[in-house]
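Just so we're on the same page: letters track the sequence lines, and every chain starts at 1.
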Amino acid sequence: MIDQLNPEQQAAVTLPPQHALVLAGAGSGKTRVLTTRMAWLIQTSQASPFGLLAVTFTNKSAREMLTRLSALLPINTRGMWVGTFHGLCNRMLRAHHRDAGLLQTFQILDSADQLAAIKRLIKGAGIDDEKYPPRDVQRFINGAKEEGLRPGSVDAWDAHRRRLVEIYQMYQDQCEREGVVDFAELLLRAYELLQRNAPIREHYQRRFQHILVDEFQDTNTLQYQWLKLLAGEGASIFAVGDDDQSIYAFRGANVGNMAEFERDYAHGTVIRLEQNYRSYGHILDSANALIAHNTGRLGKNLWTEQGEGEPVRVVEQPSDLLEAHWLVDEIKAVIGEGSLRSEIAVLYRSNAQSRVIEHALFSSRIPYKVYGGLRFFERQEVKHALAYLRLMDNLHDDTSWLRVVNFPTRGIGARTLEQLSDLARQNNTSLYKAVPLMSGKGGGNLLKFTELIQQMAYEAQILSLPELVEHVIHHSGLRTFYQGEKEGADRLENLQELVNAATVFAAEENFDGLPAGRILMPDAPLAAEDPAQPPAADSAEDAATDADVFSPVVQMSPLGAFLSHASLEAGDNQAQAGQDAIQLMTVHAAKGLEFDTVFITGVEEGLFPHENSLIEAAGLEEERRLMYVAITRARQRLYLTLAQSRMLHGQTRYAMRSRFLDEIPEEHLKWLTPRERAPVVANSNWSAGAYRRGDAYGRPSTGGAVARPARSLTTGVSVGDKHFRIGQGVTHAKFGEGTIIGLSGAGVDAQAQIQFRDVGTKTLALGIAKLEIAG
DNA sequence: AAACAGTTATACCCC
DNA sequence: ATAACTGTTT
């Protein structure tokens with residue numbers, strides 16, 4: 001089992017029970033180490049399969065872990081605590097819903113549901129949505145929860161923030177009333193449950209002697225606290241991660257957790273996995289050189305035995321269109337060399353870039369697949385069907401109620417619903433309960449809808465899960481509705497797919513033939529859910545303790561279980577995985593994947609690094625990690641492409657090449673188009689005089705009126721008597737000295753992105769801002 | 001008066 | 001592609 005591992009991997013796998021941090025570089029066999037560690041612990045009887053807990057960030061990697069584990073050992077992995085943070089917290093909360101203060105049937109809001117709930121709240125409470133945009137409110141609430149803060153503990157230093165806290169509180173009340181829980185709440189509740197309830201905490205602390213964490217660099221503050229609490233004094237935490245691949249700060253991930261973990265627990269038990277089994281030398285060296293520009297790293301250098309391979313190819317094109325055309329030609333050539341299409345990936349920083357690339361591929365009839373669109377359970381028709389199903393489980397789920405009350409349309413409009421909402425608010429009840437209170441007309445249609453829901457809820461007590469799903473799709477009118485739609489064929493297919501998903505799920509969970517709505521009492525208490533394949537020494541003793549402490553056990557109906565599954569799984573977003581097609585995705589989506597050939601497109605200032613991230617140094621470092629992730633996806637060949645101009649939001653924008661290109665030593669690069677002597681953007685100050693010059697293609701120098709070939713592009717904008725160009729030094733009365741790093745628009749609409757020495761990057765309207773051109 | 005259907009404005013960085 | 005707006009239908 002371990003003899004195929006390299007010495008570092010072996011050391012990690014066979015570490016005695018103690019806290020440890022494994023710094024696992026890209027392509028260093030991270031998942032393998034994790035799974036082998038689990039297998040080793042079990043095989044050497046240091047842990048039973050049910051005495052360890054492994055947590056990951058995606059369902060996919062949780063599944064992969066279990067698959068690999070069962071390949072290593074002849075054990076039944078069912079019932080093991082291996083899953084995502086959200087999945088495990090959900091499991092815990094379901095088991096102890098009473099102690100957690102939740103309804104047994106609590107529903108999970110995904111972020112779209114959450115946003116809808118917030119919008120509804122803001123409307124209902126008459127809050128100005130200009131001053132409090134629902135998106136910002138959502139960010140505020142989730143941010144607070146990820147820090148472990150309830151409304152009472154959030155710092156509110158000004159009126160605006162105080163109001164936000166009030167909204168946060170109102171939102172919590174609303175969730176409480178409706179019996180719903182958002183993603184962040186799942187974690188916070190589970191944390192508070194462990195914190196407040198000593199018997200439960202001690203039970204889990206006793207049970208899980210080994211806690212293994214994947215992708216530790218992506219944990220947020222709350223997740224780390226949860227792990228600490230769960231580990232208590234006795235358990236060992238085996239944390240695997242790569243601080244250089246931390247790219248989720250925008251959703252709360254805290255890179256600092258890695259260093260903190262080392263301080264708190266690992267005390268020098270840090271194992272570095274630096275041998276890379278994926279890429280050739282030039283690619284790795286480029287990645288190493290780039291990431292070396294970040295500060296505060298734990299430090300790590302990837303190496304390979306594979307040789308240096310091909311240099312990284314760099315291509316600069318005048319426009320995004322030409323970039324895409326070049327891309328298509330090059331892809332054809334790579335395919336011509338015998339590469340599989342599915343082994344070629346085109347990566348981009350932002351989704352907006354995919355359009356042009358897709359268009360070019362489509363025109364050339366090259367099959368491609370875009371990742372990261374809507375996932376199965378996020379599609380509107382599926383969400384509609386799920387909303388009906390949720391109402392079967394909990395009639396007071398107002399979010400679901402509002403989603404489908406008039407879909408398909410049944411003559412219940414905004415006016416009626418407004419009245420209903422008012423009634424519900426006045427009586428502090430759900431919309432469902434408020435229906436009988438409605439007097440007068442308009443109520444007729446509402447009543448009919450209520451009866452429909454009641455009827456379907458009744459069916460849930462009789463029909464099996466797949467039958468119920470089918471029944472609901474039919475009797476809700478969803479099927480008829482989409483049959484009448486011009487573009488409804490796909491949606492009908494997805495609805496059918498939902499029935500299939502329910503069938504598969506019911507079979508996997510042994511729900512066959514059971515009524516969807518009937519609550520299942522598991523036949524044994526918590527610890528005894530162990531199928532007890534290899535006899536766990538402590539299980540009998542554990543079960544006895546559990547029976548005393550826990551009367552409530554996992555109570556769930558097949559329907560409830562399926563709805564949880566739908567919320568937490570979100571489904572695959574790759575429709576037809578079988579076909580051999582070029583892989584298109586954002587850099588974020590590419591994390592964890594690898595390809596023979598990788599194209600990283602749009603390697604430009606303002607795009608990659610993204611302009612929004614340049615405001616603070618931490619943002620720039622995250623962008624650099626993002627580039628690091630992108631580079632390390634490539635096995636054999638890597639291309640970096642950039643365009644001098646690009647259509648964005650209907651405007652042409654001009655940008656310089658990314659500073660990241662200049663952070664990779666030239667010895668690893670091979671420019672396929674001439675490298676211009678463009679300025680190197682050092683952090684804030686670079687000397688004037690280093691701007692663009694004309695090049696071999698006869699593109700203009702930026703000096704001013706130069707004859708240009710027909711296709712060439714302006715890199716400057718004139719406003720009044722001033723002429724602005726990229727790379728120009730300017731001064732602003734308030735912001736001080738800066739440099740133009742991007743231009744867009746023309747005439748009165750002209751705007752410039754300016755990187756100021758002291759205040760970061762700002763976008764200014766050239767017609768308004770009084771800029772002086774620096775000498 | 002209320003609900004519906006079709007049109008137009010704006011949008012988006014990443015999960 | 002969602003939200004806001006407009007004209008038409010019940």
Item checked: Worked check of side chain to side chain contact (heavy atoms under 4.5 Å, CB included) between Leu212(A) and Val240(A) -> CA-CA 8 Å; Leu212(A) 300 96; Val240(A) 181; over 6 Å; no
Notebook entry, point to check: Given that Arg415(A) and Arg355(A) both sit by DNA chain B, which one's nearest nucleotide is further toward the 5' end?
Noted result: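 Its nucleotide being nearer the 5' end, the pick is Arg415(A).
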Notebook entry, point to check: Given that Glu622(A) and Arg410(A) both sit by DNA chain B, which one's nearest nucleotide is further toward the 5' end?
Noted result: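 Checking each residue's closest nucleotide, the 5'-ward one belongs to Arg410(A).
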Next item on the list: Indicate, with a heavy-atom threshold strictly under 4.0 Å, whether Asn351(A) touches base, sugar-phosphate, or nothing.
Entry: sugar-phosphate
In whole Å, I'd like the distance from the [atom1] atom of [X] to the [atom2] atom of [N].
| X | N | atom1 | atom2 | result |
| --- | --- | --- | --- | --- |
| Asn445(A) | dC4(B) | CG | C1' | 13 Å |
| His588(A) | dC13(B) | NE2 | C1' | 8 Å |
| Leu109(A) | dC15(B) | CG | P | 21 Å |
| Leu417(A) | dA1(B) | CG | P | 19 Å |
| Arg251(A) | dC14(B) | CZ | P | 13 Å |
| Arg135(A) | dT10(B) | CZ | P | 18 Å |
| Phe183(A) | dC15(B) | CZ | C1' | 10 Å |
| Tyr371(A) | dC14(B) | OH | P | 18 Å |

Could you run down the sub-3.5 Å N/O contacts of the protein with nucleotides 6-10 of chain C?
none

Notebook entry, point to check: Within 45° of the axis and under 6.0 Å from the centre of the six-membered ring of Tyr248(A), does NZ or CZ of Arg251(A) qualify?
Noted result: yes
Item checked: Phosphate OP1/OP2 of dA3(C) contacted by Lys119(A) side-chain N/O (<4.0 Å) -> yes
Notebook entry, point to check: OP1, OP2 of dA3(B) versus side-chain N and O of Asn406(A): anything below 4.0 Å?
Noted result: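 It does not, given that no N or O in the side chain of Asn406(A) lies less than 4.0 Å from OP1 or OP2 of dA3(B).
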Notebook entry, point to check: Would you call the rings of Tyr432(A) and Trp401(A) parallel, tilted or perpendicular, where under 30° means parallel and over 60° means perpendicular?
Noted result: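 It falls in the perpendicular class, over 60°.
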Margin query: Are Phe250(A) and His610(A), when compared by the centres of their aromatic rings, separated by less than 6.0 Å?
Written below: no
Notebook entry, point to check: Hey, do the aromatic rings of Phe216(A) and Tyr224(A) have their centres closer than 6.0 Å?
Noted result: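 Yes.
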Margin query: Would His610(A) count as stacking on dC13(B) if stacking means ring centres less than 5.5 angstrom apart and planes tilted under 30 degrees?
Written below: yes
Next item on the list: For Phe250(A) and dC14(B), say yes or no: do the ring centres fall under 5.5 Å of each other while the ring planes differ by less than 30°?
Entry: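 Stacking between Phe250(A) and dC14(B): present.
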Notebook entry, point to check: Any ion pair linking Lys383(A) and Asp110(A) (charged N to carboxylate O, less than 4.0 Å)?
Noted result: yes
Notebook entry, point to check: Would Arg625(A) and Asp243(A) satisfy salt bridge (Lys or Arg N to Asp or Glu O under 4.0 Å), going step by step from the backbone distance to the final call?
Noted result: CA-CA 9 Å; Arg625(A) 291 192 292 269; Asp243(A) 53 335; over 6 Å; no
Notebook entry, point to check: Out of dA2(B), dA5(B), dC15(B), which nucleotide sits closest to the side chain of Thr416(A)?
Noted result: dA2(B)
Note to self: I want to verify a distance call: between dT2(C), dA5(B), dC14(B), whose nearest atom is closest to the Thr586(A) side chain?
What the structure shows: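 For the Thr586(A) side chain, the nearest candidate turns out to be dC14(B).
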